[in-house]
Amino acid sequence: MQGVLFDLDGVITDTAKFHFKAWSRLAKEKLGVVLPASFESDLKGISRIDSMNRILKFAKMADKYSAAEVDTMAQYKNDLYLKEIGKLTQADILPGIENLLDELAANKVKLSVASASKNAPFILEKLGLRQQFDAIADPAKVAHGKPAPDIFLEAAAKINADPTQCVGIEDAKAGVQAIKAAGAIAVGVGNPSDLAEADTVVSSTEELTYSVLALAFQK
C-alpha cells in the first residue's frame, strides 16, 4: 500500500450541512425556488458547477443562463459557504481520523486528498491537518468530476504512487465508483447498501484503522 487517497467531506470532516445551507440560500435568492431536504443527497460528492447545473435542472431553468452566469452563481454560493466553514476547528474532525493519520504516517504510507472541493486546502488549515497530508489534488486541473476517476488519478500522481497500489476512502457512491475506475481499492464509510461497489465498508470513520485499510488492500 503506497498511498491512501482521502475524500474530504464525510471522511475527514462533515461540511455537507454547510454546503446545502449555502445552496439552499442561493436557490431561494437567485432562482426563487426552495430546495427540499431530500435534494441534499443529489449534490453529494460532485463538483460546484455540476451541483449548480442540477439545481438549475430542478428549477426547470437549465437553458436560461449562460456558462458565465452559472459560474457567477456558483461563486456566490462558495462565498456563502466560506463564511460558514470559517468557523471550523479541530473539534470538527470526524472521530478516528486523527488516529488513522498517525497510524498511516507511522507505517510510511503517503497521504493525498482527492476532493471535488476547491476549498480543501483552506478546510484542512482550519482543522489543523494541512501538514499531515503529502498532497492535495486540485479539482480545477482534472477534466471530469466523480464518478470519473480523474481526481483520484491526480491524487495518486501527486504522491508518485501507482493508483493500483493505493486505497481510496469515500462516503458517496459516485466517489466509490471513481476510486474503482482509477484502479484503487475502495473503502466506503456509511451504509453498505449505498456503497455496494466498495471493497470494504465501515459504518463510521471511527472504525477506520491502518489494519482495516491494509486488510482491504491485501484482499
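Positions are given from 1, in the same order as the sequence printed here.
- Hydrophobic clustering (ILVMFWY, side-chain heavy atoms < 4.5 Å, transitive): I55 and I49 are in one cluster.
- Judged purely by atom type and a 3.5 angstrom limit, S203 has no side-chain atom pairing as donor or acceptor with the backbone of G190.
- Remark: of the listed residues I12, I179, L213, L213 is the sole one forming a side chain to side chain contact (heavy atoms under 4.5 Å, CB included) with I169.
- Here the shortest heavy-atom pairing between L56 and M73 reads CD2-CE, 4.3 Å.
- Within the 4.5 Å cutoff, no side-chain heavy atoms of K173 are placed close to those of V176.
- Contact check for Y65 versus D71: no side-chain heavy atoms found under the 4.5 Å cut-off.
- Minimum interatomic distance between K87 and D92 (heavy atoms only, all atoms of both residues): O-OD2, 4.2 Å.
- Residues satisfying the side chain to side chain donor-acceptor pair (under 3.5 Å) criterion with D171, sequence neighbours excluded, are K44.
- Interatomic distance, F20 CZ to K17 NZ, rounded to the nearest 0.5 Å: 14.5 Å.
- Separation of atoms CG (L82) and CZ (F122) is listed at 6.0 Å; rounding is to 0.5 Å.
- Within a 6.0 Å sphere centred on CG of D63, heavy atoms belonging to other residues, nucleotides or ligands number 12 at most.
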Discussion item. Pair Y76, E29 - check side-chain contact (heavy atoms from CB on, under 4.5 Å), show working.
Written reply: CA-CA 11 Å; Y76 176 68; E29 291 182 6; 2.4 Å; yes

Worksheet item: salt bridge (charged side-chain N to carboxylate O under 4.0 Å, His left out) between K146 and D7: does it pass, once the steps are laid out?
Response: CA-CA 11 Å; K146 303 170 187 178; D7 178 37; 3.1 Å; yes

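- Put simply, the residue from I97, L101, T200 that forms a side chain to side chain contact (heavy atoms under 4.5 Å, CB included) with L208 is I97.
- Exactly one of N99, T209, V4 qualifies for a side chain to side chain contact (heavy atoms under 4.5 Å, CB included) with L104. That residue is V4.
- Side-chain contact between T13 and L129: absent, with no pair of heavy atoms (C-beta onward) separated by less than 4.5 Å.
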Practice prompt. List the steps, then state whether side-chain contact (heavy atoms from CB on, under 4.5 Å) holds for V212 with V202.
Written response: CA-CA 9 Å; V212 167; V202 296; 4.2 Å; yes

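- With rounding to the nearest 0.5 Å, the separation of CD1 in I151 from CG in L5 is 10.5 Å.
- Taking CD of Q165 as the start and CD1 of I185 as the end, the distance is 9.0 Å to the nearest 0.5 Å.
- The two residues F152 and A182 have their closest heavy-atom pair at CB-CB, 4.0 Å.
- Judged by a 6.0 Å distance limit and a 45° cone about the ring axis, K77 is positioned over the six-membered ring of Y81.
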For residues 32-41, which side-chain N or O atoms pair as donor and acceptor with protein atoms under 3.5 Å away, sequence neighbours left out?
unit_1 : atom_1 : unit_2 : atom_2 : d
S41    : OG     : S38    : O      : 3.1

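- The minimum heavy-atom distance linking L31 with A59 is given by the pair CD1-CB, 4.5 Å.
- The line from CG of D42 to NZ of K57 is 10.5 Å long, rounded to the nearest 0.5 Å.
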N/O donor to acceptor pairs below 3.5 angstrom from side-chain atoms of residues 192-199, sequence neighbours left out:
unit_1 : atom_1 : unit_2 : atom_2 : d
S193   : OG     : N191   : OD1    : 2.8
E197   : OE2    : Q177   : NE2    : 3.1
D199   : OD1    : K180   : NZ     : 2.9
D199   : OD2    : K180   : NZ     : 2.9
D199   : OD2    : A186   : N      : 2.7

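- M52 and M61 fall within the same hydrophobic cluster, where Ile, Leu, Val, Met, Phe, Trp and Tyr residues are linked whenever their side-chain heavy atoms come under 4.5 Å apart, directly or through other members.
- Going from atom NZ of K30 over to atom OG1 of T72 covers 9.5 Å, rounded to the nearest 0.5 Å.
- Under the 4.5 Å side-chain heavy-atom criterion for Ile, Leu, Val, Met, Phe, Trp and Tyr, I85 and F6 are members of the same hydrophobic cluster.
- Hydrophobic clustering, with ILVMFWY side chains joined whenever heavy atoms are under 4.5 angstrom apart, groups M1 together with F133.
- Taking all atoms of both residues into account, the shortest heavy-atom contact from C166 to F217 is N-CE1, 4.1 Å.
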Tabulate below the donor-acceptor pairs under 3.5 Å that side-chain atoms of residues 105-119 make, not counting sequence neighbours, or state none.
unit_1 : atom_1 : unit_2 : atom_2 : d
N107   : ND2    : E103   : O      : 2.9
S112   : OG     : A155   : O      : 2.9
S115   : OG     : S117   : N      : 2.9
S117   : OG     : N119   : N      : 3.0
N119   : ND2    : N78    : OD1    : 2.8

Worksheet item: Stepwise, does the side-chain contact (heavy atoms from CB on, under 4.5 Å) test hold for Q90 with I93?
Response: CA-CA 6 Å; Q90 192 170 356; I93 300 170; 3.5 Å; yes

Worksheet entry | Trace of the side-chain contact (heavy atoms from CB on, under 4.5 Å) decision for W23 with K28 | CA-CA 9 Å; W23 282 126; K28 189 173 182 179; over 6 Å; no

With a cut-off of 3.5 Å and sequence neighbours excluded, list every side-chain donor-acceptor pair involving residues 156-164.
unit_1 : atom_1 : unit_2 : atom_2 : d
K158   : NZ     : I136   : O      : 3.3
D162   : OD1    : T164   : N      : 2.9
D162   : OD1    : T164   : OG1    : 2.9
D162   : OD2    : T164   : OG1    : 3.2

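- Under the 3.5 Å distance criterion, the side-chain polar atoms of R54 are left unmatched by any main-chain donor or acceptor of L43.
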Item to complete: Let me see the working for T15 and D9 under side chain to side chain donor-acceptor pair (under 3.5 Å), right down to the final yes or no.
Response: CA-CA 6 Å; T15 64; D9 290 342; 2.3 Å; yes

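- The salt bridge (Lys or Arg N to Asp or Glu O under 4.0 Å) search around K21 returns E84, not counting sequence neighbours.
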